[in-house]
Every structure is written in structure tokens, then in C-alpha cells.
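Since the structure comes first, as C-alpha cells, the remarks are kept for the end.
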There are 2 protein chains.
Amino acid sequence: MLRAMSAQLVGQFDPAMTAYMTETAELYRGVFATTHAATVLVDGTSRAGIEAALVSLVEPGQRVLVPVFGRFGLLLTEIAARVGAEVHVIERPWGEVFDVEEIADAVRRVRPHLVAVVHGDTSTTLAQPLEGLADVCHEHDALLYTDATASLGGNPFRTDDWGLDAVSAGLQKCLAGPSGTAPVTLSDRAVAVLDRRRSIEAGLRDASSRVVAHPIRSNYLDLAMILDYWGPARLNHHTEATTALYGARECARILLEEGVDAAVRRHRLHGGAMAAGLVGLDLHLFGDQRHRMSNVVGVEIPDGVDGDAVRGRLLTDFAIEIGTSFGPLHGRIWRVGTMGYNARRDTVLTTLAALEHALRAEGVAVPPGGGVDAALEAYGVAA
Amino acid sequence: MLRAMSAQLVGQFDPAMTAYMTETAELYRGVFATTHAATVLVDGTSRAGIEAALVSLVEPGQRVLVPVFGRFGLLLTEIAARVGAEVHVIERPWGEVFDVEEIADAVRRVRPHLVAVVHGDTSTTLAQPLEGLADVCHEHDALLYTDATASLGGNPFRTDDWGLDAVSAGLQKCLAGPSGTAPVTLSDRAVAVLDRRRSIEAGLRDASSRVVAHPIRSNYLDLAMILDYWGPARLNHHTEATTALYGARECARILLEEGVDAAVRRHRLHGGAMAAGLVGLDLHLFGDQRHRMSNVVGVEIPDGVDGDAVRGRLLTDFAIEIGTSFGPLHGRIWRVGTMGYNARRDTVLTTLAALEHALRAEGVAVPPGGGVDAALEAYGVAA
């Protein structure tokens, strides 16, 4: 992937460049498990993808329902409010997810223009089940948008089967690429909303161009314009980020070469081994484990232990980075990732061995070899 | 630069990463010729930088004055309108620039909150003189913002000397990097405006956090938040685009190693030779040549010549890309760039030789060797 990103730059309307764009869109259809024509990259980090979806699909004053079960749900409320939506929130304690029926009830009650829900909220490590939700949304004329940044590529995700109208993601989690590019896919229903809001910018429009009552409040993140740039019209918008495009293309190519299902199985295997290993170190896993993402495990920081000191030892002595979390979970849990090229047996075992050392050095009594042994057992290898 | 971008990724709060960010900000102070502490990268293309400046500095309903002398001035009006500004426009025919006094008069008349002006408008190849404008703006409590995407690094540009309050740029022109990163610098006066609008996002804020009446209408492009992320607080916002950061750092490092003044002289030398060569091919240069940017030359497409056929021949037979322009200049002029690593004698001469061939192939009578000879003469080399 890094090699792909060191390839020579090409002009934005060079036929080679537009062919790369078309090819990359097709690869991301595979990643998203969709046939949506409207599949593009937004040149920005994953939150640029979120904002692009919300600012493009939601007019000021329209109702947006956000089921919040972690920090990134709060981010959706924040962005929805900034784009002028009337934001309605339902909440679950961090560490739990919603029953789909609970969200469906709120849809019936609030009658939102759009439901915005995080798929995998990395702050709590949990993934919200989405199957069945689209039916209720569509019955009530609501669009269903989800942020799949933290989950895509490492957990089951089916855009078309689940009836999702808009999905945005990032590369820096299971896709194992650099932050800075946000793949987005949109259903025909979502594109129809864009079509009603589509405007052509000053400097490109001609006398025949329509004037729109409520144009999208961002130019850079206007998905209608981005579609016009990625589509056959190739209408100039931004200058596509060449190097980032190469990287995004390579991320998808590698994932599809392995096979999305195989990659999901791999994440489940190694994430499961990590979770077993952490339990083997006498640590307590955080959150409803039935809904844990495969690629990150949350674990409670034991009482009296300085979480940052442990993280510091891991980083300094072993060059291993683990996270804490945000808001109410800051300093209360660690989050240990096993994603992308780090969803491997050697990284899982090394991390557990290093963590055992760091815990002991901070005065925690841990079963010697307990983490590695439990992980090996989870792998089905005799300890 | 491409080698730098193939370096290994690093976690966003890894000390190595935050040190890169700090170091990169300092390099861009050199590029912008400023001591502004508030110097950061926006993770998006140059138009993301423009929108970040406008959406962050302008509240809905505030007056923005945009002097328009080409397509990218129109883009400023477009973005300013989308962020809710009351947009006031003064215009010059494409191919001319404003007297500073003309803009100053408009400032006195309109009393804008902010003046947004393109420095080098690549659609017409011209650069707007900015010296002296800040005094009038500041006298009338207006901020002065300029888009230096097309000019920075190849033309004289002095943020502090010119009193500019906000500047945004891109990498894909004279900085010779990939599109996808927008360096931005802000004066204390601009930061004071941000401070009044600063809000901390849901999920990060605590009980002591202020609630702001008119929060910035974008989260992704909120410069107050981006400053908090780049500054000592390191408050989580987006996940910094690692690879793009490496690229941006390398672009600035290379430019400063050559020296900004030396790079500007180099662009002037080779841009001048290109212009002389085009005249030597009996072509007519477009626009007021006293204000032409050093890094791009506009030239009229001769009557009866199919401009795209010539461009096609250059691309297919010589792998050389030249542009046409936008709006009223589309199909009327070609634009020939000499920037970044393409501001070299061999590329200038090769382009002129290839263009001579392509013109002749399209039936245009051109003086044999006229372009190369005139360029060599401009270089002071006996033809």
C-alpha cells in the first residue's frame, strides 16, 4: 500500500487518472457489498465522509434521529446540529447497543428525514446491529445512514442486504490504510435527495443551469458535486488527491484479494484470541461481548492502576500502542486493536506478552504467561 | 517526496506523530513567510482550505467582499454564499487584475467583515497585487483572506509583510506535491474571531465548556478545533492523515532547502522562457502580462484550431499535459504550466518542441524551431 502511494502523480483529467477513479469506485462497491452506482471517495478523513453525507442529505430544519451508544454517536449529533438539523437523540449506556426494535420505535415516533447511526463505535468497541432497520425507515420515508469507519472490512457489513441509503467509512481501521480518504456509497433513494438539491457552481454553470432553493451548505463536501466529478460528466470540483487515491485503491484491492468474508473471519479469529488472552491476564472485558467488534477489545483498567503508565511502557519498551477511550470511559478502559495487518497471531501474542510485563512492572499481580496461553488455547494450539 | 509518503504509518497521538505535526507547522511558517503561531494543515484539497477559512471566520449574514477576476474568485463567492455570507462582488474582465485602490474603495463602501480574494487565479494566469490592502481592511475592521493555492512557492508571497489575516493553499502547484492537503495560516486577529466562535464537541466537552451562540457550521472544517488538535491541547478532532502529512512536510522541506526566494526566481526564469517561446511560435499570450504568475502562461488558441486536438496530441505522443481554462476562456486559451519540478529548462524546451509539432500537425503554420530558439534566447543561450 505504501508502495502504491509512492507512484508518480498524474494530472486530474488524464485518462489514466479518471480510469483509476472508475476502477477504485468499483473496488469499493465490493468492499461495501453494494451495487450502488454512487460510490466515491471523499478527499478527507472519515469525519469528512460523515459530514459530507449529513450536509448533503439533510436540509436545515429537517429531523435527524441519532441513536447514541458511544462517542461517535455524539459526533453524529454534533455534525447533524452543525448542518442545521433538528437533532433527536435516543441513548444507551456506553457498553451496550440498541435492540433494532427500539430504534424502529423512535423512527415511528420522531418521523425523521434521516436516521444516522454509527455501525461500530470504537469508543465502546461495540457494533450496532442494523439488519431490519431499513424497512422501518423506508416505510416512514426516512433515509438510513451509517458510519462504518471503525467496522468495515473486519466485521460483517452488507450495504445492499441491509438496505442502507448512505454509508461512509475511512481507511485507517480494518482497511489498513492511511487516514485521509473517506469512501462513501449512496442508494438511489439518497441520490434522489441529492438530485433535488444539486447545483452547479459559479464559474461552471451556464444559462440552462437550475437555481436551487436550499443548496447544500458546503461546497467541498457536496456529494452531488462529487458525484458529478466522479461520474461521466467529470465536472471539475476539487483536484482529486492522487496519492490518496492510489492508497485507497490498493487498500480495497488487497482486501478483495483476500476476500471480504475471509478478512472478517480473520479479524474474528484474532480479535477473539486477544479477548481470551486479556481474560487470561485476569482482566475484565468491557461492554456487551455479544456485540463486540472483531477488531478491537475493550478492557477495564484494574483499580489503582495508572492506565497511562502502562500505555507508556508498552509504547516505549515494546513500540506497541494501545488506546484508552473518551468521555466517561477515559482512563477507565484500554482499547486493544487487532485490525488490518495487525490482525495476526504474532501481534496478538506479542501484545499480550508485553502487556503482561507492563502490568507486572506497574505492580499488578498477573498469572505468568496467562495471556499468551489463553490466546494460544483460543487458537486451538496446545499451550 | 513520493519516498517520504511511503514511510510507515504512526498512530495519531504517538509522540513521533505530534512532533512531525509541530515540525511541519514550523516549515509552513517559512513557506508562508509568517510568524503566525496558528499555522496548520487541513486534511483536504485546496478548496477544503478555502472553505475552512470562510466557514470558520464568517458567520451567516456577515458581509464578505469578493473581488473576482477569474474562475477561482467565483469559487470564493460560491463558498462564501454556501456558508451563509452576504456576498458582495466587484469584477474585472478575465485577463486583468484590480488596482489595490479599487478594492480599497469597495472595502470603504461595503464595510465587509472579511475580504476574500484569490492571489493567483490560475484560470486567467494572473496574480492580484495585495500589498497595501490590509491597511485599509484593518482600518475598517475587515479581515483579509487570500487563496494562494496557485501562486505560493513560485511567486513572491509575504503573509506578514502584507498583513494577511488568513491564507490557504494547496500542494499540487508550485509546492510540487499531491493534492489533498491544504496549509492554512491565521493572524492573531483571525484567531480572535475563532476564539469567539470556538466550541468543544459533544463527547469531548465537560461541564465547564462554554456554549456558543453561533457555532461554526462545519465540524470537519472548523479551524478552531483544528488549532486545538494541532496545538498543545492535542484535543482529538479528525485522525491526522499520516501519509499526507509526510508529503506536506517533504514539500516544504525541499522548498526551504532551495530557499523560497530562489524558487521564486527559478519559476520566473522558466516561466519567462516559456512565455518567450510561445511568442516565438507566433502565438499570442493571454492577459495582462505585467501581472502574470511565474508558473503558468496563458496563450490564445489560434482561430480555426481545435484546441483539444492539440492537447490530445501532446498527451498521447509526448506525455505532456497542457490545460485549457474555464467559463468564458474554455476552448479560447491554453494554459501551459512551469511549476514545481517542472520549472526546468529541459521541460520548457521539450514542451515547446512538442507543441510546435502538434500545431503543425493540426495545420498551423509555425516558424520552424521558433519556440525553442526564443526560449533559449530568453535563457541567454545563443540559439
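Here is how names work: the chains are called A, B, and so on, in the same order as the sequence lines, proteins then strands, and each is numbered from 1. These numbers come from a predicted model, not from an experiment. Values below: all heavy atoms of this structure, side chains included; hydrogens, waters and symmetry mates excluded.
Ion pairing between a basic and an acidic side chain is recognised when a charged N comes within 4.0 Å of a carboxylate O; B/Arg234 and B/Asp228 show no such pairing. In summary, A/Arg198 and A/Asp222 do not engage in a salt bridge, as defined by a charged side-chain N under 4.0 Å from a carboxylate O.
The most heavy-atom pairs under 4.5 Å with chain A, out of B/Thr239, B/Asp43, B/Thr242, come from B/Thr239. Of all the listed residues (A/Glu51, A/Glu321, A/His330), the one sharing the greatest number of non-hydrogen pairs under 4.5 Å with chain B is A/Glu51. Between chain B and the residues A/Ser218, A/Gly323, A/Ala52, A/Gly170, the largest count of heavy-atom pairs under 4.5 Å involves A/Ser218. Here A/Arg217 is the residue among A/Gln172, A/Arg217, A/His238 with the most heavy-atom pairs under 4.5 Å with chain B.
With a threshold of 4.5 angstrom between heavy atoms, B/Ala48 approaches chain A through its backbone and through its side chain.
Taken from CG in B/Leu235 to OH in B/Tyr229, the straight-line distance is 11.0 Å, to the nearest 0.5 Å.
Judged by distance alone, the side chain of A/Arg197 and the main-chain N or O of A/Ser56 form a donor-acceptor pair under 3.5 Å.
Stacking of A/Arg71 on the aromatic ring of A/Phe326 is recorded, both the 6.0 Å distance cut-off and the 45° axial limit being met.
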